[in-house]
Number of protein chains: 2
Amino acid sequence: MDPSRHSDALRAAQMYYLQDLTMDAIARELRTSRSTVSRLLSSARESGLVQIQIRNPLDTGPELEGRIRQRYGVDVHVVPVLETLNEAETLDRVAMQAARTIGPVVDSNAIIGVAWGSTLSAVSRHLTRKITHDSVIVQLNGAGNMHTTGITYASDIMRRFGSAYGARVEQFPVPAFFDHAATKTAMWNERSVQRILELQAKMSIAIFGVGSVDADYPSHVYAGGYLDEMDLNILATSDVVGDVATVFFRGDGSSDGIILNERSTGPALAELRQVRRRICVVSGVSKIKGLRGALAAGLATDLILDESTARRLVNYEGLPGANG
Amino acid sequence: MDPSRHSDALRAAQMYYLQDLTMDAIARELRTSRSTVSRLLSSARESGLVQIQIRNPLDTGPELEGRIRQRYGVDVHVVPVLETLNEAETLDRVAMQAARTIGPVVDSNAIIGVAWGSTLSAVSRHLTRKITHDSVIVQLNGAGNMHTTGITYASDIMRRFGSAYGARVEQFPVPAFFDHAATKTAMWNERSVQRILELQAKMSIAIFGVGSVDADYPSHVYAGGYLDEMDLNILATSDVVGDVATVFFRGDGSSDGIILNERSTGPALAELRQVRRRICVVSGVSKIKGLRGALAAGLATDLILDESTARRLVNYEGLPGANG
DNA sequence: CTCCCTCGTGCACGTTTGTGCATAGTGCTT
DNA sequence: AAGCACTATGCACAAACGTGCACGAGGGAG
């Protein structure tokens, strides 16, 4: 808005964060009140002018992170959260930290694939602004279901990403699952769809959560009316443990022969693995099964998860039957 | 020291800076007192675990920066400082901001050339720690003078850089100026000296101030007994406007035919220009002449200077005779 | 011209944070 | 085993900070 306000914010931020002056001293230099400086600073943080990041030296990080990193070959960020918090609070804190961890990764000219779901929705609400040029946010999988167009929920997530990074948003206006694989084949030949698929093929960053079949707090995919009873039965009787962007996989990371995937609109796992930076956000121990499958499938390069889940991941690994 | 303290500091930093919890809440989670958390956080900042940086969008930056950037092709950081502050306070604030601006630039495996002088001394006192591996700090020019070995002053600067970045320090144990150019030629063939010169040739970052012949607050070079009266006379009657690392140049950036340089131990300007990142720190309007010469010579890729000097640089450019 | 809306500002208050000091813990020396 | 030096901790107080509220300036709309 006011250009001088922006430049005041910059000056204030420099003086506060780089010169360790108090807000009071800054107020005197800028000839304004201390409260105004306080507000200038918070707007500077909010607008991404000030970036705070935490770099934990990889080699000295806590043991938990080290073990996960080594075992799965992912860059891991364990979010410290008390075990006593409920799932909603945990999700909120994981999401906030995820949002701020993602910030520094995003840059100009990036093509960022974003999935949807309760995890991504929470993340999108905590994004901090960062000015980039010519970035694109592209939706990873459709969000319509059998009963409604169901677009608003997913599109809110996309919109928040877009406005946080000043990026163009490309929605994927298809249902989450087609009823018939043939319809998908037909649609995939449409030019409007191909444009999205081409963008996805050029993604440099992908951000997603995981769905897990046994989550107490079930993913939208399993509860949102996207699948009918027969589909759910098929899932229950197969070895499927979870999904990423509505593409299902088994505990060993394989996905071949899962017929539901032929009707799904998310990127095939092999395609996803082509993306340079693949950020997976997970909150809540109930997602452990899906998470382990996703890691086995090598879907993530970066993993952000809460401490309890991280601990569970380490303790129960190698015990495929354990889940509680 | 205590490994659990470090990991507590990391947890605290994540919760404070990434999750916006209050120190009180963090204290409860870590089962300690709030004051301890406060201290953990300041140690996290101090040890470089938390990095705060300010990125001003290049295109929207204040007009002053834009003009300097465009005119001289350098990446410029104008430090906001009240004009009423005295030189010592200004230097302190410029130095603090310079130190923190340099931080993010330094990385593992870097070879960092460092000059010496009052500016660099101030900068070295404000460096924030950052853990790097296999970095080297190499002294750009000798610091001995005619009367003493004069090593301590320069070596303090070097040592501070070394310990801030966990880097090896390579001193350059020669005088600032040789009495006879022939001595320099001889020394330059010594293997001990050649080792330093080879390091300098491989520098990826160089950090230096500028000397200016008309500075009221004269650089060590001109006042520290490094030059005798005849030398000073030669400088006064030539067109020399300043120096970088005891190598002199004229207002147009040229340095050919300045005989004093044949006895100087700093890197020739052409060599310096080979370095990828050349960070010049300037505080005080009295250095304007030297600064303009250094910019004309293309010695810097990054310039950090106080606001008054920046303004002077813009207003008086194109008026070569003006200096007040 | 007047009304009304919006937005930025300063004030005042309650909250949050930094720090000097006394104390308790830890490891090393004799 | 006792003494010593050093460091981390918690307490309490002062300093610094965030924010609801009321006010006033600017800018359309009627």
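Below, chain A is the first sequence line, B the second, and so on; all start at residue 1.
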I'd like to know if the side chain of [X] pairs up with that of [Y] as donor and acceptor (distance under 3.5 Å, no hydrogens or angles considered).
X        : Y        : answer
A:Ser163 : A:Arg159 : no
B:Ser43  : B:Arg39  : no
B:Gln97  : A:Gln14  : yes

Heavy atoms of other groups near A:Glu89 CD, more than 12 under 6.0 Å | yes
Spacing between [X] atom [atom1] and [N] atom [atom2], to the nearest angstrom:
X       : N      : atom1 : atom2 : value
A:Ile26 : D:dC17 : CD1   : C1'   : 12 Å
A:Leu40 : C:dT9  : CG    : C1'   : 11 Å
A:Asp20 : D:dC17 : CG    : C1'   : 15 Å

Side-chain N or O of B:Thr36 versus OP1/OP2 of D:dG10: is the shortest distance under 4.0 Å?
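So the side-chain polar atoms of B:Thr36 do come within 4.0 Å of the phosphate oxygens OP1 or OP2 of D:dG10, strictly under.
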Respond yes when some side-chain nitrogen or oxygen of B:Thr32 is under 4.0 Å from OP1 or OP2 of D:dG10, and no when none is. yes
Output one line per pair: protein atom, nucleotide atom from nucleotides 14-20 of chain C, and distance, for all N/O pairs under 3.5 Å.
residue: C:dT17; atom: OP1; partner: B:Tyr16; partner atom: OH; Å: 3.0
residue: C:dT17; atom: OP2; partner: B:Met23; partner atom: N; Å: 2.8
residue: C:dG18; atom: OP2; partner: B:Ser38; partner atom: OG; Å: 2.8
residue: C:dG18; atom: O6; partner: B:Arg34; partner atom: NH2; Å: 2.8

Across all chains, not counting sequence neighbours, the salt bridge (charged side-chain N to carboxylate O under 4.0 Å, His left out) partners of A:Arg11 are B:Glu307
Interatomic distance, B:Cys280 atom SG to B:Leu291 atom CG [nearest 0.5 angstrom]:
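Reported to 0.5 Å precision, the distance equals 6.0 Å.
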